[in-house]
Amino acid sequence: MQAAFTRPQPAVSSGPGLMLKDQFQVAYVTNDMDHACNTLREQFGIRDFSFIEGPMPTGGEIKVAFAWVGSTMYEIIAARGPGTDFYTSRLPDTPAVRFHHLGFLIHDSREWQSLQRELADSGRPIVYETLTGNFMDAYYIEAPELGHYLEYIYPYQAGLDFFASVPVNS
C-alpha cells in the first residue's frame, strides 16, 4: 500500500511568525559553481538549472543557479570579491557547498508592509538586503538559533517572469 496525504496549502500570513510565510526556497552557497552544480546533479538528481550573474553594488561579482523540484526552488550562490562576506564567510578554502538560507515568498505589497513591521518589532536586524524596486526586493535576517538565515522575497513582475523561466526537474 502506498502512503498518500494531502499537503497543506502554503502558509500565507501577514500575522506574527517569521517562519509562517510561504517557504518555497532552499539556498546554498559555494566557492565553486561547477562543483556545486555537479554535486546536485550527480549525487542528488537535480539536473537542470538556470543562471543569472553580474556585478554587485559592493564591487564583487555574483552568479546564482536556480532549479525547481516540485514546489521547492533550489538556489546555489557563488560570490567573490569585495562585499561578498555575507555569502562566503562560512565557506572553507576547498570546493564546498553549504546551506545558507530558507527563502519565503511574499505575495503582495500588503504582506510586504506587514513583514517590514514584524521585522522591526522582532528586534532582529536585517543583515543583508537587496531592494531593486523592479525585479525582486529581499531582506535577510540571521536566525542564530537555527544556524542559518531567513530570506523574504517580494518579486515584481520581472521576478515572477524569471521564476517561471526556471527549469523544472522531475
Side-chain angles (χ1 to χ4, degrees), residues 10-11 17-106 115-116 118-120 122-132 135-155 158-159 162-170:
L18 291 172
M19 290 181 76
L20 296 181
K21 312 300 181 221
D22 184 2
Q23 194 258 308
F24 78 109
Q25 187 182 71
V26 177
Y28 298 91
V29 291
T30 186
N31 49 14
D32 185 326
M33 184 62 81
D34 290 338
H35 168 78
C37 289
N38 286 336
T39 297
L40 268 68
R41 279 186 188 108
E42 296 167 10
Q43 296 183 31
F44 300 100
I46 301 175
R47 302 224 171 271
D48 299 317
F49 298 91
S50 61
F51 299 87
I52 58 173
E53 62 185 299
M56 296 175 63
T58 57
E61 297 198 7
I62 192 166
K63 183 173 184 177
V64 188
F66 298 91
W68 285 110
V69 177
S71 61
T72 301
M73 174 181 278
Y74 289 90
E75 176 182 32
I76 307 168
I77 303 161
R80 64 171 195 238
T84 61
D85 287 350
F86 175 70
Y87 298 111
T88 61
S89 65
R90 298 178 182 169
L91 290 168
D93 292 335
T94 57
V97 181
R98 296 290 184 268
F99 178 62
H100 191 258
H101 67 267
L102 294 175
F104 296 87
L105 185 63
I106 305 301
L115 171 71
Q116 289 172 321
E118 187 174 358
L119 290 173
S122 76
R124 292 181 185 265
I126 295 169
V127 295
Y128 195 79
E129 65 183 36
T130 57
L131 302 174
T132 67
F135 184 60
M136 291 185 215
D137 287 352
Y139 292 129
Y140 293 82
I141 63 167
E142 190 165 12
E145 309 88 337
L146 304 175
H148 60 80
Y149 299 101
L150 303 176
E151 178 190 30
Y152 302 92
I153 302 166
Y154 178 44
F162 173 75
F163 283 161
S165 75
V166 171
V168 176
N169 290 259
S170 54

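Note that the numbering runs from 1 along the sequence shown for the chain.
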Rounded to the nearest 0.5 Å, what separation is found between the [atom1] atom of [X] and the [atom2] atom of [Y]?
X	Y	atom1	atom2	value
Y87	Y140	OH	OH	4.0 Å
I153	L105	CD1	CG	7.0 Å
T84	N31	OG1	CG	11.0 Å
I106	D22	CD1	CG	8.0 Å
D137	L131	CG	CG	5.0 Å
I76	R98	CD1	CZ	13.5 Å

Take Y139 and Y154 through the side-chain contact (heavy atoms from CB on, under 4.5 Å) test and state the conclusion after the steps.
CA-CA 9 Å; Y139 292 129; Y154 178 44; over 6 Å; no
Side chains of [X] and [Y]: does their closest heavy-atom pair fall under 4.5 Å?
X	Y	result
H101	Q25	yes
L150	F104	yes
E75	V26	no
L102	M19	yes

Using the salt bridge (charged side-chain N to carboxylate O under 4.0 Å, His left out) rule, collect all pairs that involve residues 24-52, keeping only residues at least two apart or in two chains.
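Passing the test, one end in residues 24-52: no pairs.
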For residues 88-97, pull every pair meeting salt bridge (charged side-chain N to carboxylate O under 4.0 Å, His left out), keeping only residues two or more places apart or in separate chains.
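Applying salt bridge (charged side-chain N to carboxylate O under 4.0 Å, His left out) to every pair that reaches into residues 88-97, excluding sequence neighbours, yields R90-E142.
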I would like to know whether T39 and F44 meet side-chain contact (heavy atoms from CB on, under 4.5 Å); could you show each step before the answer?
CA-CA 7 Å; T39 297; F44 300 100; 4.1 Å; yes
M73 vs V166, side-chain contact (heavy atoms from CB on, under 4.5 Å): CA-CA, chis, key distance, verdict
CA-CA 9 Å; M73 174 181 278; V166 171; 4.0 Å; yes
Search all heavy atoms of I46 against all heavy atoms of A67 and return the closest pair with its distance.
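Closest approach of I46 to A67: CG2-CB, 3.6 Å.
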Between A158 and F135, which heavy-atom pair has the shortest distance, and what is it?
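Closest pair (atom of A158, atom of F135, distance): O-CE1, 3.7 Å.
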Could you walk me through whether I77 and T30 pass side-chain contact (heavy atoms from CB on, under 4.5 Å), step by step?
CA-CA 6 Å; I77 303 161; T30 186; over 6 Å; no
Aromatic ring proximity, centroids under 6.0 angstrom, F24 and F163:
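F163 vs F24: aromatic centres under 6.0 Å.
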Aromatic ring centroids of Y28 and H100 under 6.0 Å?
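No, ring centres 6.0 Å or more apart.
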Any ring pair (Phe, Tyr, Trp, His ring centres under 6.0 Å) involving residues 59-82? Give me the pairs, sequence neighbours left out, ordered by first then second residue.
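Listed once each, the pairs are F66-F162.
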Which atom pairs, one a donor and one an acceptor, fall under 3.5 Å between side chains of residues 51-61 and the rest of the protein, sequence neighbours left out?
unit_1: T58; atom_1: OG1; unit_2: P82; atom_2: O; d: 3.0

Within residues 122-131 or reaching into it, pairs that qualify as side-chain hydrogen bond (donor to acceptor under 3.5 Å, both in side chains) - sequence neighbours excluded:
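Every pair satisfying side-chain hydrogen bond (donor to acceptor under 3.5 Å, both in side chains) with a residue in residues 122-131: R124-E145.
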Just jot down the side-chain hydrogen bond (donor to acceptor under 3.5 Å, both in side chains) partners of Y152, sequence neighbours excluded, or say none.
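side-chain hydrogen bond (donor to acceptor under 3.5 Å, both in side chains) check on Y152 returns nothing, list empty.
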